[in-house]
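Only one structure is covered here, and it is reproduced in the block below.
For reference, positions follow the sequence shown, starting with 1. Atoms within each ligand, like the ligands themselves, are counted from 1 in listed order.
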Amino acid sequence: MPLLFLSVYLLITVIRFALDWINIRHRQQGRQPLPAAFAGQIDEQRLDRSDAYALAGDRVGLVEDILAVALTIAFLFGGILPWYDQWIAGYTDNFIVSGLLFFGLLALIQLLIGLPFSLYKNFVLEERFGFNRMSFKLWCADLLKSLLIGSVLFTLLGGGALALVQIAPQSWWLWVWGFWVVVTLFLLYLSPYLIEPLFFKFTPLAKADLEIEVRDLLEKAGAHAGKVLQVDASRRSGHSNAYFTGIGKVKRVVLFDTLMEQLDNKELLAVLAHELGHWRCGHLRQQLIKSQIMALLVCWLAFTLLSSQLLPGWLGLEQLSFAGQVFILGWIGSLIGFFWIPVSSWWSRRHERQADQFAINMVGSGQELASGLVKLARENLSNLFPHPLYAAVYYSHPPLVERVLWLQKGKVDAVSLKKFSADQ
Ligand SMILES: [Zn+2]
């Protein structure tokens, strides 16, 4: 059995590396001509720079990946897991404390191993391509804050779940799921007020005319904007984005200041219309419901497998603590999850297309969104030539060239527009 699991893991690793490889080769093998919308925005020099940026990212990603694979194999199949499990058991026999220690220490080690990579990416790689705007002091402050918030959430969620396992040994899967649903919904609601302000400064839009247009667009889409804000993302990075959050009809719109620097008002509104499309087409709700159903399934499956006591044997071990078995379960889950990636990417691309159609319906054409996306690709040095197979597996958005062509041909869809008006 252990050999079977190891083989599956190695097979997935080979597939992942092969996909990376064909993607890099595809980029280097020559460029297809770009559609007219890219003219004047992205020239050969830009493309060279994008290539260099992608390659630099690929290199450090490869080192990180090889290290992760080696450590995973050593931990699971090289005898470290049972030793670690025993070592934790030597300190305490308290069920909750030992469980928290088991995962807390592992998370800390993972963080420490990741630190040099994070430093390199921010202060060497992103710096070289002009994206990094973060000082070392800000990086340290961010790290400390995330560590603090992470520890609190981990203790609360992990400790709570373990306590429920102890209190209701026969039905904990349902209790743990219910507990997580409540906490995640609570966090979703509170995060914009409690967590995000710890990292970012939110201020009213600097462009007053834009705010009026944003509010008009929101009314037209059937949402009420509680607040329209800009966020000082430029303190950390030159990359740009926009999002909007909120439960119910009152929405909170947040534009990155970097996005406002890079796009004109019409393009900004088109990007926002796309984001509104996700909400109006029910994607956010669907996503939430899908993940909660998935969590229920995972909890039940975990309960069944943990009760069966089969897990240690699967890795050729005699016995393991509850936490150790949960760890194996998580790892097996990640193996299954790999085969789920293309499905969820496909699903996501479908949603993107629908949100794009919604934006066309709102704005009247796809031109503004197309030109906005081209500018963002230019500023973010996006890879315009992914291998089709790589894009099919990993891309949550349609590849840009294809998307821009589609947007330019796009027309207001009378049927979906009518259905949308009827919904209001
Ligand atoms: Zn989207």
Side-chain angles (χ1 to χ4, degrees), residues 37 188 191-192 196 214 217-218 220-223 225 228-231 233 237 239-247 251-256 258-260 262-291 341-380 382-384 386 390-413 416-417 419-420 423:
L188 201 69
S191 164
E196 286 168 25
V214 167
L217 180 76
L218 261 85
K220 202 171 152 195
V228 181
L229 302 165
Q230 69 179 57
V231 61
S237 157
H239 291 298
S240 44
N241 211 339
Y243 65 94
F244 87 129
T245 56
I247 294 175
K251 297 289 155 194
R252 178 182 154 99
V253 175
V254 179
L255 299 173
F256 278 33
T258 37
L259 190 78
M260 293 172 62
Q262 291 162 6
L263 303 189
D264 65 31
N265 281 12
K266 280 191 167 163
E267 292 160 342
L268 272 170
L269 287 171
V271 169
L272 194 59
H274 169 96
E275 296 303 323
L276 277 165
H278 281 306
W279 165 67
R280 207 61 182 83
C281 301
H283 299 160
L284 307 176
R285 197 179 44 224
Q286 261 180 48
Q287 196 69 33
L288 199 65
I289 294 173
K290 207 170 70 185
S291 62
I341 294 173
V343 182
S344 90
S345 298
W346 172 81
W347 198 273
S348 166
R349 287 196 300 272
R350 237 184 100 221
H351 282 176
E352 293 305 326
R353 199 62 100 210
Q354 289 168 2
D356 278 352
Q357 181 61 55
F358 184 87
I360 294 176
N361 291 349
M362 282 292 107
V363 181
S365 93
Q367 297 299 338
E368 291 81 3
L369 186 54
S371 77
L373 290 175
V374 170
K375 278 190 193 168
L376 291 184
R378 183 192 65 197
E379 296 299 327
N380 289 309
S382 310
N383 176 18
L384 298 181
Y390 186 92
V393 174
Y394 290 119
Y395 271 38
S396 60
H397 291 63
L400 191 74
V401 173
E402 181 191 317
R403 190 174 176 193
V404 165
L405 284 174
W406 188 87
L407 277 168
Q408 286 188 313
K409 272 191 287 191
K411 291 191 175 58
V412 173
D413 175 13
S416 69
L417 192 62
K419 179 178 162 282
F420 153 74
D423 282 356

Can you tell me how the ring of His283 sits relative to the ring of His351, calling it parallel under 30°, perpendicular over 60° and tilted otherwise? parallel

Just checking: Glu352, one of its N/O/S atoms, less than 2.8 Å away from the Zn ion (ligand 1), yes or no? yes

Between His274 atom NE2 and His278 atom NE2, the angle centred on the Zn ion (ligand 1) rounds (to 10°) to 100°

Within the 4.5 Å heavy-atom criterion, are Leu288 and Leu284 side-chain neighbours or not? no

Any N/O/S atom of His397 sitting less than 2.8 Å from the Zn ion (ligand 1), backbone or side chain? no

Find out whether the Lys NZ or Arg CZ of Arg403 is both under 6.0 angstrom from the six-membered ring centre of Trp406 and within 45° of the ring's axis. no

Please step through side-chain hydrogen bond (donor to acceptor under 3.5 Å, both in side chains) for the pair Glu352 and His278, ending with a clear verdict. CA-CA 8 Å; Glu352 293 305 326; His278 281 306; 3.2 Å; yes

